Amino acid sequence: MVRVYYNTTIYFRRTLMQIIEKTLENIFLQTITKIYPKLNSAEKLFIQKTHNQKFGDFQTNFPMSVAKIIQENPRTIGQTIIDNLETNHLIAKCELAGPGFINIFLKNQFLSDHIKQIDIQPWDFSFLPRAGQIIIDYSSPNIAKPMHVGHLRSTILGDTLKRIYRYLGYEVVGDNHIGDWGTQFGKLIVAYHKWLDKDNYKKHHITELERIYIKFANEAKKNPELDDQARAELKKLQDGDPENTRLWKEFVKVSLDEYEKTYQELDISFDTVQGESFYHNSMPDMVKLLLDKKIAQIDQEAVVVFFPESENLHPCVIQKKDGAFLYATSDIACLNFRKNNYKVNKILYIVDERQQPHFKQVFSIIKKLGWNLDSEHIPFGFISFSGAILSTRAGNVIKLEDLIAEAIKRVKKVINTKNPQLSTEEKNQIAHVVGIGAIKYADLSQNRTSSYDFDWNRMLAFDGNTGPYLQYTYARIQSLIRKSKTRTDFEPTANIILDTDTEKNLCLNLTLFPQVLIKTMEAHKPNTLTEYLFELAQKFNTLYNSMPIIKETSPVFSSRLIICQKTAFILKTGLNLLGINVVDRM
RNA sequence: GCGCCCGUAGCUCAGUUGGAUAGAGCAACGGACUUCUAAUCCGUAGGUCAGAGGUUCGAAUCCUCUCGGGCGUACCA
C-alpha cells in the first residue's frame, strides 16, 4: 500500500487496482476519439470476455455497432482502430475477426502482475455514481406471523444487494419495513381475548398468535360479526386506547424478538427497523397534501388518486371511507420521510412481483408531487408449495426455522460420513455454515424474477451448482495452503505461469470479479454473481484434478499456490457478498 | 375483458448494449480415489429456444399475431 500525502487536502490514497475491462475501454476510447472525433458513441463501446479462447481473451463488437453511423464497413473500421492503437502494457495483440469483432490478447506478464495484486490492492470503483445513500427496503415480515420460506427471498436478496452496494463503496441503509400496523391487529386482539392459550403463548409466542389468527379467520367465515368486532378493536387501537396499544406493542415486541433469532442464524442485520406504524401520524398530512394539490379527489366517500389512461393503472385509494389509511398511504408517507431525512441516491424495494401495480401507483403519485426520488421496485417471483401459494391462514407454510434445522441436520449427516474424526463442536459449526450456505445459494442462484415451487431436496442439495460445492472448493484450497505452511521454497512474488489452458482459463476468470459485481448490482441479480463463482470453482477443480500443486517444486509450485490463494480470496469475498460464510475444512 | 410476468435438453434452470458453434446442474450411460478432501473431475448422449411472420450483416434476445401457463385486477398488505 502506498500512502500519498498532499499539502492542501490531507488524505491518503491507496493504490487501487484498475478493472481490466475499464482499462481496455479507456485505451480503445482514446484511439476512437482520435480517429472519429465527431462520433459521440462512447456508450456503444463495451469490452467483454470472450467465450472461446480462439477469439482471444477479451473482445469488442464496437465496429459493428457503429458501422451504420459512420457509414463504413465494420471490418474497415475495426482494422483502422487496430492500426492506430497505441502500444501499451497490457495488450499483446489485437485481431480483426468475423464480420467485425476485435479480439484482444493480453500480455502474459500483465496478467501475471495483475493477478498478484488481487487481495493486496482493492479495486477502483470510484467511477460509480456513489453520492448519497442507497436505501433498501427488504424482509418486511408481518407481525404475529412466523417467517416462512416466502420471506426468504426478500430477506436474502436485500441483504445481498446491501452487501454488494457497500463493497462497491456506496453508503447503504438497510430498512426492515415491518408490517406492524393494519387490520390484522383488530383480529388478533379479538382472538387474543377469546381463544388465547396462555401456557402455549408463554412457550412460543408467535406459534400461539398464529394459531389464534388462523382460528379467527376460520371462525369469521361462519360468523361475520367477528369482523365487525375486529374493526371496532382496530379503531380503538388507532384512537390510542391504552389497553389495545399495550397489546399491540406486546405483539410487535415478541414478534421482533423471535425474528431476531432467525436473522441471527441467517447473519442478517438492518440499519433501521421502521414499520408502517412509524409513518402513521404523518398519513393525514399526506392525504391533505394530495387533496390540496388536486392529485387526489373524493370518490364514493373515499380519497382516491386517478391515473391517466396511458398509465394503465387502477385508481389508488389512499383513505378508506371509514377514515382508515392504506398500504399506499404509508408508502407515500415513508417516501416523504426519506426525502426529508436522507440524501437519497436510490431507493430499492425488494418485494414480490405481485405488488408491481402497487409500486407503479405509488411512484406515479410521487412523480405528480414533483418529488425527485429515484425509486425502484425490485420484484421477485414468489415461492409456492405443491403448486399452492403459501399462506399463513391456509396453514401450508414452511417456517424458516424448520428449514434451517433440516438443512443443518442433513449437512451433519454428510459430515459424519466424510469427516467423522472432526470434533463435535467443529461439526456443529460447519453444519451451520454449510446448511445456511445451501439455503441462501439455492435461492440466490435462481434468477430472481422466476417463481418456483419449494422443494426440500432441491433447496438442500449439496452437489453440483450449490453453496456447499463452492464452500468445498474453498476448503480444499485451505487444505493445500495448510500443507504448504512448512515449505521453504515458496516465492510469494513468483511469476504466474500461464502455459496451459487450464491455468490461463482460471486466471482470466479471476480478473472478471469486479466487473461481475458491477453487473450484479446494476441488474440487481445475484445469480449473475453465483454463476460467476460457480464457473470459477469449476475451473479451479479442473486444475486441481488435472495437475499437481504442492507436489511440484518452485517456480511451478509457487505459481500454482498463488493462483490457489487468489481463487480462495475471490471465492470467499464473493460468497460473503452473498451472505454465505466459508469454513477451512468440511 | 384489461394489465404484468413467463414458455430454452427427460427434470430444474442460466443466457441485459442483438454477436461467432444456445450453456449449466440434476437424472442416464462410460471412466478416474494405495496419490494435494471423490460434497470432486473427465467423457458420451440429449435442442424446431412454444408456433408463425417481421426488423438486419446477424435474433433465444427487438416488433406483431397465435397457442399454452402463472399472477394481478380501487376502500387487504
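Keep in mind that the numbers below use all heavy atoms, side chains included, and drop hydrogens, waters and symmetry copies. Chain letters run A, B, ... following the sequence lines, proteins first, then strands; residues in each count from 1. Quick caveat, the model's predicted, so the values are computed rather than measured.
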Distances for protein N/O vs nucleotides 8-11 of chain B N/O pairs under 3.5 angstrom?
none

Expressed as a whole number of Å, how far does the P atom of A50(B) sit from that of A32(B)?
-> 40 Å
Rounded to the Å, how far apart are Asp453(A) CG and C6(B) P?
-> 19 Å
Does Lys483(A) place a side-chain N or O at less than 4.0 Å from the phosphate oxygens OP1/OP2 of U37(B)?
-> yes
Interatomic distance, Asp299(A) CG vs A74(B) C1' [rounded to whole Å] = 9 Å
Atom CZ of Phe359(A) and atom C1' of G3(B): how far apart are they, to the nearest Å?
-> 18 Å
For Gln59(A) and G58(B), give me the distance from atom CD to atom P, rounded to whole Å.
-> 19 Å
Is the distance from OP1 or OP2 of G15(B) to the nearest side-chain N or O of Asn527(A) less than 4.0 Å?
-> yes
Do the side-chain N or O atoms of Ser546(A) get closer than 4.0 angstrom to the phosphate oxygens (OP1, OP2) of U40(B)?
-> no
Remember a base hit wins even if backbone is also touched, and classify Ile550(A) as base, sugar-phosphate or nothing at under 4.0 Å, heavy atoms.
-> base
Using the C1' atom as the reference point in each nucleotide, state the distance between C49(B) and U61(B) in Å, no decimals.
-> 10 Å
Distance-only donor-acceptor test (3.5 Å): side chain Asp180(A), base A77(B) | no
Check if the side chain of Lys525(A) and the base of U16(B) share a donor-acceptor pair of N or O atoms closer than 3.5 Å.
-> yes
Have a look at Phe55(A) and say if it touches a base, only the backbone sugar-phosphate, or nothing, with a 4.0 Å heavy-atom cut-off.
-> base
Measure the acute angle between the ring planes of Tyr327(A) and His358(A), then classify it against the limits of 30° and 60° as parallel, tilted or perpendicular.
-> parallel
Would you say a side-chain N or O of Arg354(A) is under 4.0 Å from OP1 or OP2 of C5(B)?
-> no
Secondary-structure string, 5' to 3', Watson-Crick or G-U under 3.5 Å, | for another-strand partners, for RNA chain B | (((((((..((((.....[...)))).(((((.......))))).....(((((..]....))))))))))))....
Identify whether any heavy atom of Met547(A) sits under 4.0 Å from a base atom; if not, whether one sits that close to sugar-phosphate; answer base, sugar-phosphate or nothing.
-> base
Compare side-chain N and O positions of Gln478(A) against OP1 and OP2 of U37(B) and report whether any pair is under 4.0 Å apart.
-> no
Base, sugar-phosphate alone, or nothing: which one does Phe462(A) contact when heavy atoms must sit under 4.0 Å apart?
-> base
For C36(B), does OP1 or OP2 lie under 4.0 Å from any side-chain N or O of Ser479(A)?
-> no
So what does Ser450(A) hit on the nucleic acid, given a heavy-atom distance under 4.0 Å: a base, only sugar-phosphate, or nothing?
-> sugar-phosphate
Nearest 0.5 Å, what's the CZ-NZ distance between Phe58(A) and Lys49(A)?
-> 7.0 Å
Answer yes when Glu503(A) and Arg560(A) have at least one side-chain N-carboxylate O distance shorter than 4.0 Å, and no when they do not.
-> yes
A59(B) and G18(B), which share atom name P, separated by this distance in whole Å | 13 Å
Could you state the atom-to-atom distance from CG of Leu96(A) to C1' of A20(B) in whole Å?
-> 13 Å
Smallest separation among heavy atoms of Ala328(A) and Cys316(A), with atom names = CB-SG, 3.6 Å
Check whether the side chains of Gln471(A) and Tyr441(A) place a donor and an acceptor atom closer than 3.5 Å, and report yes or no.
-> no
Interatomic distance at C1', A9(B) relative to C29(B), whole Å = 16 Å
For U37(B), does OP1 or OP2 lie under 4.0 Å from any side-chain N or O of Tyr469(A)?
-> no
Select base, sugar-phosphate, or nothing to describe what Ile415(A) touches, counting heavy atoms under 4.0 Å on all strands.
-> base
Side-chain donor/acceptor of Lys54(A) to base of U21(B), under 3.5 Å = yes
Carefully, step by step, assess Phe101(A) and Phe55(A) under the rule ring-ring contact (aromatic ring centres under 6.0 Å, His included).
-> CA-CA 9 Å; Phe101(A) 294 99; Phe55(A) 298 136; 7.3 Å; no
Grab the NZ-P distance between Lys519(A) and G15(B) for me, whole Å please.
-> 8 Å
Does the side chain of His432(A) come within less than 4.5 Å of Ile436(A)'s, by heavy atoms?
-> yes
Distance, C1' atom - from A20(B) to G58(B), rounded to whole angstrom = 10 Å
The complete set of side-chain hydrogen bond (donor to acceptor under 3.5 Å, both in side chains) pairs with one or both residues in residues 524-541 of chain A, sequence neighbours excluded, reads Tyr165(A)-His524(A), Tyr469(A)-Asn541(A), Thr473(A)-Asn541(A), Arg476(A)-Asn541(A)
How would you label the contact of Ala97(A) with the nucleic acid (heavy atoms, under 4.0 Å): base, sugar-phosphate, or nothing?
-> base
Can you tell me the distance, in whole Å, between the NE2 atom of His524(A) and the P atom of U16(B)?
-> 17 Å
Base, sugar-phosphate alone, or nothing: which one does Phe534(A) contact when heavy atoms must sit under 4.0 Å apart?
-> sugar-phosphate
When all nucleic acid strands are considered with a 4.0 Å heavy-atom cut-off, which category describes Asn465(A): base, sugar-phosphate, or nothing?
-> sugar-phosphate
Taking the P atom of each, how far is A74(B) from U16(B), in whole Å?
-> 35 Å
For atom CG of Asn447(A) and atom C1' of C6(B), their distance in whole Å = 11 Å
Separation of the C1' atoms in U55(B) and U64(B), to the nearest angstrom = 11 Å
Decide, applying a 5.5 Å centre-distance limit and a 30° plane-angle limit (both strict), whether Phe101(A) stacks on G19(B).
-> no
Do Asn428(A) and Glu426(A) get their side chains close enough for a donor-acceptor pair, meaning under 3.5 Å?
-> no
OP1, OP2 of C42(B) versus side-chain N and O of Thr542(A): anything below 4.0 Å?
-> yes
Output yes when Lys346(A) and Glu376(A) qualify as a salt bridge under the 4.0 Å nitrogen-oxygen rule, no when they do not.
-> yes
Would you indicate, yes or no, if C4(B) has its OP1 or OP2 atom less than 4.0 angstrom from a side-chain nitrogen or oxygen of Gln356(A)?
-> no
Is Lys519(A) paired with Glu522(A) through a side-chain N to carboxylate O contact shorter than 4.0 Å?
-> no
Pairwise P distance, G7(B) and C13(B) [rounded to whole Å] | 10 Å
